[in-house]
Amino acid sequence: SQYTVPSSALGQAAAMTSSSSQAAAPAEAAVGSGAPGSAPAVAAAATTEGPEKQRASSLIRAGSLTKAASTLGLQRASTLPTEPSELEHAATMPILFDKETVRPCCCGLWKAQQLIGFVLGIGAAALLVGCRPERNYPDANSMLAVAGLCASFWVFEVVPLYITALLPMLLLPLLEVTSSEIVAKAYWNWVSLLVVDILIVSTALERLGVARRLTLKVLLRSGLRRPWELLACFMALSWLLSALVNSVAIALLLTPFAVGLMQGAEEQVRNEHADASGDLEASDSQASTADSENRTALDRRLASVQRLADCLLLGIAYGASAGGLATLTGSVPHDFLAGAPLTAGQVSWGKWLVFGAPTAVVTGLLAFGALWLRYIRASELRALDTQALESEYAAMVTDIGPCSRDEVAVALIQLLQVILLVIRPFVITPAVTTEYGDQLVNDATVATIPVVLLFLIPSTVRPGQALLTWPDFQRRFDFGLLLLIGGALAISSGFVQSGLNIALGSAISHAIPMVTPLALDLIIIVAVALCSQIFSSIGTAASMLPVLDSAAQMAVVNPMSLVLPAMIGTSFAFLLPTATPPNVVVLAMSQDLMRPLRVRDFFLNGLPLTILACVAGAALAHIMGAVVFDAYAPFPEWACDGVVCMWVPISGDVGGTWVDSQACALIDASNGTLCKLWNGTRLDTAPFLNAAWTAD
């Protein structure tokens, strides 16, 4: 009874039972007059029971075969989906997409053969890693274990094929076979893989409606009804979620709630006006003056609702931009910094969190203050009715049901991913190194662990499936984002290959010694913020990073002192709706309001906010850059690429710090005969080149 019988088998059973009954009826009539136990009765009973027993035995055997075929994955036409979208996946993963499959293992998630594949793959991998039969090449044992595990998972379809394909990214660095950077190059690069890992987890949050339920729960449980409370709630949620999830997804998630809430507030105001007009007409139908005043009051209250709607939508956009500044994956331009050849090894998810979080918090508070002064302070709308929120919550419960174990599990997996990314530089990376001390694990590897868990933990809402399925992710994930990141990194590489970064960096390097570090931070942030309004933050980051790297090398200053303020400036895109993706989202969705957002709404609110954010951002970038990245220390050896600069064994004072060796920027990179130290001293490079040649 625990197995599901196909509808075709049920039809055959019904037909056979019907024919048996029809055949048995005449026999029963013929022996009905005979005495019980008489020979004719026994003969008739034997005649009728024989075929029925045979048919029942056939049914039992057929049912057993059906169960066995279903459990072992013997594919039949009736078990495969017919919808083109589902058949597309079933063509490559027929076991996972078998509609009528019996899944007795792992809480209904796996068939027997999938459990066999899991045990076989894990057991073989553990045996090879533990026993290490190959003595001459120890790493070959780990590599064979990974290959066997992936082969077993692929053959038996333990998880979707594409998730199995991520296992080398997870296992090869952890087993000390090779580094995360080298493995990632076989896919795209480690930055793109980190983005994919983050977005897979965020897709699970979005599909289960965790953020939607959290938003409505906070609004209802806290009793937030006043305009400033609503603004603070929406901005806080937008800030927090954008720090963990892509800011565009959060803007798409929260904006419809704000629009629906404002539409409910508009309906509330109109209903109150209609009730007041009815009472006035009943008491005095001739009071035209009072009616005119009532209409004026209605227009004034509707204008207050519209202003609050503008305020909430701008708050969501500004909160998303500010929150994205807090983490390395919260904003796309940060990915370019992590993938830049010069600074890639210096930036991690945890370090950027410590560096960017203070600026993100201050920027969020400044945005709240700017919107409160313009919209909330003089608003006539004192409180909103909770009916709209209650209706929205009821619709959500109808749509996705009450809070389930799936939502709790996905929320914990998201928390696990954040914790792993934070502790990775301090706990995981130092523990996994080569015998020479080289680090092997970066953020892309640890971010893969929660992704695999999503496809291994069974769902209670959708029995027979994992917390997240591959079709769900594929429908929601914009793979164009990977092309966008790749295109920006290609432009950055083109700047370097063509020498354009050196040409532009040379012009900038002459101005660097003329200003103090704090003033330079402010200039860079203002310049990048203004360029982001026109060319978008993504295009500005892709163009400016290689130029600033070259300028730092030619001026012999720490590259982090230039690129960190530039990345901060890309998040200050508040002036125009096309400057950053969250601005575009709220502008488009405002079409459902009484009056959509206008360009001047962004400009008038964004101008003072941008000025204040640039000043505060410059101060915080200067302080946190020195604390987290030591950005104002002398030019580091890791930044000397041997093309634009060379490392020379000359001691001296560099920016107030005594060094035993320092960088020397090549004045003419084409022949490399002269170089310039930090203090402007020019040196002949020949002695250093000869010494290096002799040492080699």
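When reading the values below, keep in mind they use all heavy atoms of this one structure, side chains included, and skip hydrogens, waters and symmetry mates.
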Requested in this report: Tell me, with the steps shown, if M235 and L371 meet side chain to side chain contact (heavy atoms under 4.5 Å, CB included).
Outcome: CA-CA 11 Å; M235 288 195 68; L371 294 174; 4.1 Å; yes
**Report entry** Residues T445, S180; criterion side-chain hydrogen bond (donor to acceptor under 3.5 Å, both in side chains); working and verdict
**Finding:** CA-CA 6 Å; T445 292; S180 298; 2.6 Å; yes
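Between L421 atom CG and T327 atom OG1 the span is 9.5 Å, to the nearest 0.5 Å.
No donor-acceptor distance shorter than 3.5 angstrom exists from the side chain of T255 to the backbone of V586, with no hydrogens or angles considered. A donor-acceptor contact shorter than 3.5 Å links the side chain of R207 to the backbone of L467. Checking side-chain atoms of T203 against main-chain N and O of L199 turns up a donor-acceptor pair under 3.5 Å. Listed for the S590 side chain is a donor-acceptor partner under 3.5 Å among the backbone atoms of L597. Remark: the backbone N or O of W349 is paired with a side-chain donor or acceptor of D443 at under 3.5 angstrom. Within the 3.5 Å criterion, the main-chain N or O of V528 finds a donor-acceptor partner in the side chain of S532. Checked by atom type and distance alone, the side chain of Q417 never pairs as donor or acceptor with a backbone atom of P450 at under 3.5 Å. Panel note: side chain T448, backbone A444; a donor-acceptor pair is recorded below 3.5 Å.
The closest side-chain donor-acceptor pair between N558 and S561, if any, does not fall under 3.5 angstrom.
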Tell me which donor-acceptor pairs under 3.5 Å the side chains of residues 310-321 have, and how far apart each pair is, sequence neighbours excluded?
{"from": "D310", "atom 1": "OD1", "to": "Q306", "atom 2": "NE2", "distance (Å)": "2.8"}
{"from": "D310", "atom 1": "OD2", "to": "R595", "atom 2": "NH2", "distance (Å)": "2.6"}
{"from": "Y318", "atom 1": "OH", "to": "F574", "atom 2": "O", "distance (Å)": "3.3"}
{"from": "S321", "atom 1": "OG", "to": "A317", "atom 2": "O", "distance (Å)": "3.3"}

For a quick test of your reading: what N or O donor-acceptor pairs under 3.5 Å do the side chains of residues 604-618 make, sequence neighbours left out?
{"from": "N605", "atom 1": "OD1", "to": "R374", "atom 2": "NE", "distance (Å)": "3.4"}
{"from": "N605", "atom 1": "ND2", "to": "Y375", "atom 2": "OH", "distance (Å)": "3.0"}
{"from": "N605", "atom 1": "ND2", "to": "D601", "atom 2": "O", "distance (Å)": "2.5"}
{"from": "T610", "atom 1": "OG1", "to": "G606", "atom 2": "O", "distance (Å)": "2.6"}

Pairs under 3.5 angstrom only: tabulate donor-acceptor contacts from the side chains of residues 355-362 to other protein residues two or more places apart or in another chain.
none

Can I get a per-line list of side-chain donor-acceptor pairs under 3.5 Å for residues 622-632, giving both atom names and the distance, sequence neighbours left out?
{"from": "H622", "atom 1": "ND1", "to": "D521", "atom 2": "OD2", "distance (Å)": "3.1"}
{"from": "H622", "atom 1": "ND1", "to": "Y632", "atom 2": "OH", "distance (Å)": "3.4"}
{"from": "Y632", "atom 1": "OH", "to": "D521", "atom 2": "OD1", "distance (Å)": "3.3"}
{"from": "Y632", "atom 1": "OH", "to": "D521", "atom 2": "OD2", "distance (Å)": "2.5"}

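Under the rule for a salt bridge (charged side-chain N to carboxylate O under 4.0 Å, His left out), R307 has no partner lying at least two apart in sequence or in another chain. Applying the salt bridge (charged side-chain N to carboxylate O under 4.0 Å, His left out) test to D406 and every residue at least two apart in sequence or in another chain returns nothing.
Taking each heavy atom of A573 and N583 in turn, the nearest pair found is O-ND2, 3.1 Å.
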